[in-house]
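Hydrogens, waters and symmetry mates play no part in the numbers below; they use all other heavy atoms, side chains included. In this chain, residues are counted from 1 in sequence order.
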Amino acid sequence: MRLAPLINRLLTLRSLKGRLLLGLSFALAILAGAVLSMAWQVGKTMVHETNMSHLRYEASLLADEITQQVNQRINALKRLSSSMGPSNDVGWLAYELQKNDALLSWFDGLIVSDEYGEIVADWPSVVGRVGLDASELEYFKMVQGIRRPYVSEPFIGRASGAPMVLMTVPRLDEDRRFAGLVAGIVSLDRSGLFQRLATIRLGDHGFAAVSTASGKILYHPDYELVNAEISRAQRNALLDLALDGWQGEGVSELADGRSSLQAYAQVWPANWVVGLYLPTEQAQLPLSGFISKLFGIWLVISLLMMPLLWWLLARILKPLEHLERQIGEVGAGRRSQLALATGMQELQQVANTFNRVEDERQQLVGHLQEREAFLDSVLSATPQGMFVANFGGKITYMNPALLQMLSISADTPMEQWLTQIHADEREGARDMWTHSLKTGSDFVRQLRFLRSDGETLWLDIHARVVMLTQGGHSLGLVGVVKDITERRQQEALQRWEAEHDPLTGLLNRRGFERRLEEAFADFQKTSTPSALLLFDLDHFKPINDEGGHALGDEMLRRIAQVVAWEVRRSDHVARQGGDEFGVLLPSCTLGQAKVIADSLRKAVSEVSVTHEGKEYTVTLSIGVTVFDESDDAVEVALARADAASYDVKGQGRDGVMVKLTGESDPMALFD
């Protein structure tokens, strides 16, 4: 039998045989689709987990290898610094550098500076390098301040034109005082630091990259991007977390908008971030091919089975053709009962049962219509918003009070007004709705609804499943809807007022202390660094005395606005009382905190108010500290920052002071 005529008969045939055959075909199609879909979902999950595990392992391995490379170089510089000692004798230093000529296999050059930042020796010698003043350069300030090894931000070498970084270690005298530094120049493309990354194979479009925590690219398959800032288009939520010190894996978008699997690991000695990126579509490519093959096999088998199914149904359903026709007539209203002229006992029993059920159905329909009319009257008269949904979850009725509340008409399709449920709550409400229908539990939910006039309502919905007394089957849901917008707004306002200063809109002392406790808990659990700035306003009293409290309040509001603008979005700014302010910088290093503190000092110094022709300005005395492992409570860090602020005032005000645990003198003070 040819397949084309058979398919044509299946599409046009209205017999029970044809319908059953089509039903079986559809059932096979649905089953195959379900199996393929399940295989796809399970396979996708396995592919995702496998690739994530691989990326996590590779990222950790790469980070460990780069960390080892960095540590080897830093340890070599430490040994060189130890052999040099604190002496600044040029001949001795040059001799020591030449004696350690083997280090040039790791470094493109070596330099030595004294405690004032002047370059006193280098190897190999480069004309003009000895005598240079590096005291204002980033790497010198960091090593001088922290007195620990430090890896600089990348820069372009003057002679080679290649991207480089500087690995530095401090030189300390016998009393552990800073005597200068020893630094090695490392080429990013020739030193072998990232040699392992070039061997990573992540398919046609996957790649590995390395950047600094400040957002400068150190290694990328596209060499043109090396030493460039990570652009806004290249950033994503996972990368931002990694730049703040997080390491792990997840799914996010690449710069071209494609979804990708990503894994990040930290190179802590250098403050670098290693990232691996694998496009999702590439990770799923083998699975797509496998599913396509399965679909092809199913299609061939289905086409071969069609003639066999047709022959079997023709044999089985021959006696039922007459019964099928009469049932169709009853359903169409052309017949009230079946009347079969057949001696087949089984078919006669089916006909009798059908006739009895049809009589009962007609009686139930009459009762149901009466109850529906009664229910319509009750629901229409109640002032409370109410609705009725059928067994499939489709809302079939909403009373006038609910229609008015939602500002929709009775003929508005459910698919249309469902889109007006707030996007953040739509999926959760849909899942709970389905769960209530399946399990018979109450549907209780508070959600936002966007009316057509632009107003957002908070709705409290409580729906109960209507169950049959016999059999326990669900008929649908009946629900009540309340408008709780005013109550939610009042609760939100009360929560905000409890933790914010009414004059400036900043956090108050209570809100600030809660966020300090949260940051300190994160530090104790994960060693996530956080910095703390405390300051009050210098020369603020004359503003209140001469211009009155209204002028003082205006100055406080302006300063609050400037401070909130200068810090990062993730930072917390508080007015703790009077002219006392605090800033919490989560996931912030000491160097970054000093930069932010100085920018605050400069920005606030430009704020002024005028009264009777006289202009008033203030300055800041800022104390800076970071959480330390020896801190047993937040109050210890607060006291340290507060003491640093008072030290600034004692040294003339308008400055930034950093205090760390165990320090009796400030580490840095600058105007």
Between Trp246 and Leu238, is there a donor-acceptor pair closer than 3.5 Å when you use the side chain of the first and the backbone of the second?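 Side chain of Trp246 to backbone of Leu238: no pair is present.
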
Going from CD on Gln266 to CD1 on Ile66, what distance comes out if it is rounded to the nearest 0.5 angstrom?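 Between Gln266 CD and Ile66 CD1, I get 11.5 Å after rounding to 0.5 Å.
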
Using 4.0 Å as the upper bound for N to carboxylate O, is an ion pair formed by Lys602 and Asp598?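 Salt bridge flag = yes for Lys602 with Asp598.
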
Between Leu110 and Gly184, what is the shortest heavy-atom contact and its length?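 Here Leu110 and Gly184 meet closest at CD2-CA, 3.9 Å.
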
Does a side-chain heavy-atom distance below 4.5 Å link Leu620 with Leu537?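 Answer yes - side chains close enough.
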
Backbone N or O of Leu103 within a donor-acceptor pair of the Asn100 side chain at under 3.5 Å?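 No; judged by distance alone, with no hydrogens or angles, the pair does not exist.
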
Is any side-chain heavy atom of Val656 closer than 4.5 Å to a side-chain heavy atom of Val648?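 Not in contact.
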
Among pairs that include at least one residue of residues 51-74, which meet ring-ring contact (aromatic ring centres under 6.0 Å, His included), considering only residues two or more places apart or in two chains?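 Residue pairs passing ring-ring contact (aromatic ring centres under 6.0 Å, His included), neighbours aside: none found.
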
Nearest 0.5 angstrom please: Leu276 CG to Asn51 CG, how far?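 Leu276 atom CG to Asn51 atom CG measures 11.0 Å (nearest 0.5 Å).
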
Do the side chains of Val251 and Met52 get nearer than 4.5 Å, heavy atoms only?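 Yes, at least one pair of side-chain atoms sits under 4.5 Å.
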
With a 3.5 Å distance limit and no angle check, can you tell me whether Arg171 reaches the backbone of Ser113 through a side-chain donor-acceptor pair?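 Yes; judged by distance alone, with no hydrogens or angles, the pair exists.
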
Shortest non-hydrogen contact from Ser187 to Asp108?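 Looks like N-OD1, 2.9 Å.
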
Rounded to the nearest 0.5 Å, what separates atom CG in Leu507 from atom CZ in Phe512?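 Result: 8.0 Å between the selected atoms.
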
Please check this pair: side chain of Asp538 against backbone of Asp654, looking for a donor-acceptor N/O pair closer than 3.5 Å.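 Checked: pair present.
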
Any donor-acceptor N/O pair, Thr625 side chain to Lys659 backbone, under 3.5 Å: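 Between the backbone of Lys659 and the side chain of Thr625 there is a qualifying donor-acceptor contact (under 3.5 Å).
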
Whether Phe627 and Phe520 hold their rings parallel, tilted or perpendicular, with breakpoints at 30° and 60°: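 Rings of Phe627 and Phe520: perpendicular, as their planes differ by over 60°.
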
Residue pairs passing the salt bridge (Lys or Arg N to Asp or Glu O under 4.0 Å) test where at least one lies in residues 257-276, sequence neighbours excluded: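 For residues 257-276: Asp256-Arg258, Arg258-Glu281.
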
Check: Leu638 main-chain N/O paired with Asp642 side-chain donor or acceptor under 3.5 Å: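 No.
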
Roughly how far, to the nearest 0.5 Å, is CG of Asn271 from OG of Ser152?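 If I round to the nearest 0.5 Å, the distance is 12.0 Å.
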
How far apart are the closest heavy atoms of Leu506 and Ala574, and which atoms are they?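 Smallest heavy-atom distance, with atoms named: CB-CA, 4.2 Å.
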
Apply side chain to side chain contact (heavy atoms under 4.5 Å, CB included) to Lys216 and Asn227, showing your working. CA-CA 6 Å; Lys216 273 201 170 183; Asn227 201 42; 4.1 Å; yes

State, to 0.1 Å, how close Ala209 and His220 come at their nearest heavy-atom pair, and which atoms those are.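 Scanning both residues completely, I find the closest heavy atoms to be CB-CD2, 4.0 Å.
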
What distance do Asn75 atom CG and Leu80 atom CG have between them, rounded to the nearest 0.5 Å?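 With rounding to 0.5 Å, CG (Asn75) is 12.5 Å from CG (Leu80).
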
Audit row: Leu97, Met84, side chain to side chain contact (heavy atoms under 4.5 Å, CB included) steps and yes/no: CA-CA 9 Å; Leu97 290 178; Met84 286 180 175; 3.3 Å; yes

Is it true that, when you exclude Gln72 itself, more than 12 heavy atoms of the residues, nucleotides or ligands shown sit nearer than 6.0 Å to its CD?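 It does: Gln72 CD has more than 12 such atoms within range.
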
Atom CE of Met167 and atom CD1 of Ile185: how far apart are they, to the nearest 0.5 Å?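 Spacing of CE (Met167) from CD1 (Ile185) equals 12.0 Å.
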
Regarding Arg640 and Asp628, does a basic nitrogen lie under 4.0 Å from an acidic carboxylate oxygen?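 Result for this pair is no, no salt bridge flagged.
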
Any side-chain to backbone donor/acceptor pair from Ser599 onto Ile596? Under 3.5 Å, distance only.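 Judged by distance alone, yes, a pair lies under 3.5 Å.
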
For residues Ala564 and Val573, report the shortest heavy-atom separation together with the two atoms involved.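 Reported closest heavy-atom pair: CA-CG2, 4.4 Å.
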
Step by step, would you call Val130 with Ser125 a side chain to side chain contact (heavy atoms under 4.5 Å, CB included)? CA-CA 8 Å; Val130 174; Ser125 297; over 6 Å; no

Is any side-chain heavy atom of Leu590 less than 4.5 Å from a side-chain heavy atom of Leu660?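 The answer is yes, as the side chains (C-beta and beyond) meet within the 4.5 Å cut-off.
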
Summary of salt bridge (Lys or Arg N to Asp or Glu O under 4.0 Å) pairs that have at least one residue in residues 141-150, sequence neighbours excluded: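 Residue pairs with at least one partner in residues 141-150: Glu136-Lys141.
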
Taking all non-hydrogen atoms of both residues into account, name the closest pair between Pro586 and His572 and its distance.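 Minimum heavy-atom contact is CG-CD2, 4.1 Å.
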
All salt bridge (charged side-chain N to carboxylate O under 4.0 Å, His left out) counterparts of Lys78, not counting sequence neighbours: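 If we apply the salt bridge (charged side-chain N to carboxylate O under 4.0 Å, His left out) test to Lys78, skipping adjacent residues, there are no hits.
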
Give the table of side-chain donor-acceptor pairs shorter than 3.5 Å for residues 521-533, with sequence neighbours excluded, one pair per line with atom names and distance.
| residue | atom | partner | partner atom | Å |
| --- | --- | --- | --- | --- |
| Thr526 | OG1 | Asp522 | O | 2.8 |
| Thr526 | OG1 | Thr528 | OG1 | 2.6 |

Measuring only between side-chain heavy atoms, which start at C-beta, is Asp173 closer than 4.5 Å to Glu115?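 Sidechains of Glu115 and Asp173: no contact.
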
Determine whether Lys649 and Asp536 satisfy the following criterion, side chain to side chain contact (heavy atoms under 4.5 Å, CB included), listing intermediate values before the conclusion. CA-CA 10 Å; Lys649 287 186 177 294; Asp536 54 18; 2.7 Å; yes

Counting N and O atoms only, with roles assigned by atom type, does the side chain of Thr67 sit under 3.5 Å from a partner on the main chain of Ala63, one being a donor and the other an acceptor?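 Yes; judged by distance alone, with no hydrogens or angles, the pair exists.
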
Kindly write out the residues that satisfy side-chain hydrogen bond (donor to acceptor under 3.5 Å, both in side chains) with Gln247, not counting sequence neighbours, or none if the list is empty.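 Residues passing side-chain hydrogen bond (donor to acceptor under 3.5 Å, both in side chains) with Gln247: none at all.
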
Would you indicate whether the side-chain heavy atoms of Thr168 and Leu77 approach each other to under 4.5 Å?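 With C-beta onward as the side chain, the pair stays apart.
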
Just checking Tyr277 against Tyr264, ring centres under 6.0 Å apart?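 Between Tyr264 and Tyr277, which both carry aromatic rings, the centre distance is below 6.0 Å.
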
Are the side chain of Arg73 and the backbone of Gln69 linked by a donor-acceptor contact shorter than 3.5 Å?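 Side chain of Arg73 to backbone of Gln69: a pair is present.
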
Quick check: does any side chain N or O of Thr212 sit under 3.5 Å from a backbone N or O of Glu153, one acting as donor and the other as acceptor?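 Not a single qualifying donor-acceptor pair exists.
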
For the residue pair Phe535 and Val563, establish whether any side-chain heavy-atom pair is separated by less than 4.5 Å.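 SC-SC contact between Phe535 and Val563 confirmed.
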
Is any side-chain N of the basic residue among Lys99 and Glu96 closer than 4.0 Å to the acidic one's carboxylate O?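 Yes, this pair counts.
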
Other residues, nucleotides, ligands: >12 heavy atoms within 6.0 Å of Tyr223 OH: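 Check passes, neighbour count above 12.
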
Salt bridge (Lys or Arg N to Asp or Glu O under 4.0 Å) with Glu499: which of Arg510, Arg515, Arg575, Arg509?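 Testing each of Arg510, Arg515, Arg575, Arg509 against Glu499, the sole residue satisfying salt bridge (Lys or Arg N to Asp or Glu O under 4.0 Å) is Arg515.
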
I'd like to check Ser621 versus Met657 (side-chain heavy atoms, cut-off strictly below 4.5 Å). Are they in contact?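 No, every pair of side-chain atoms sits at 4.5 Å or beyond.
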
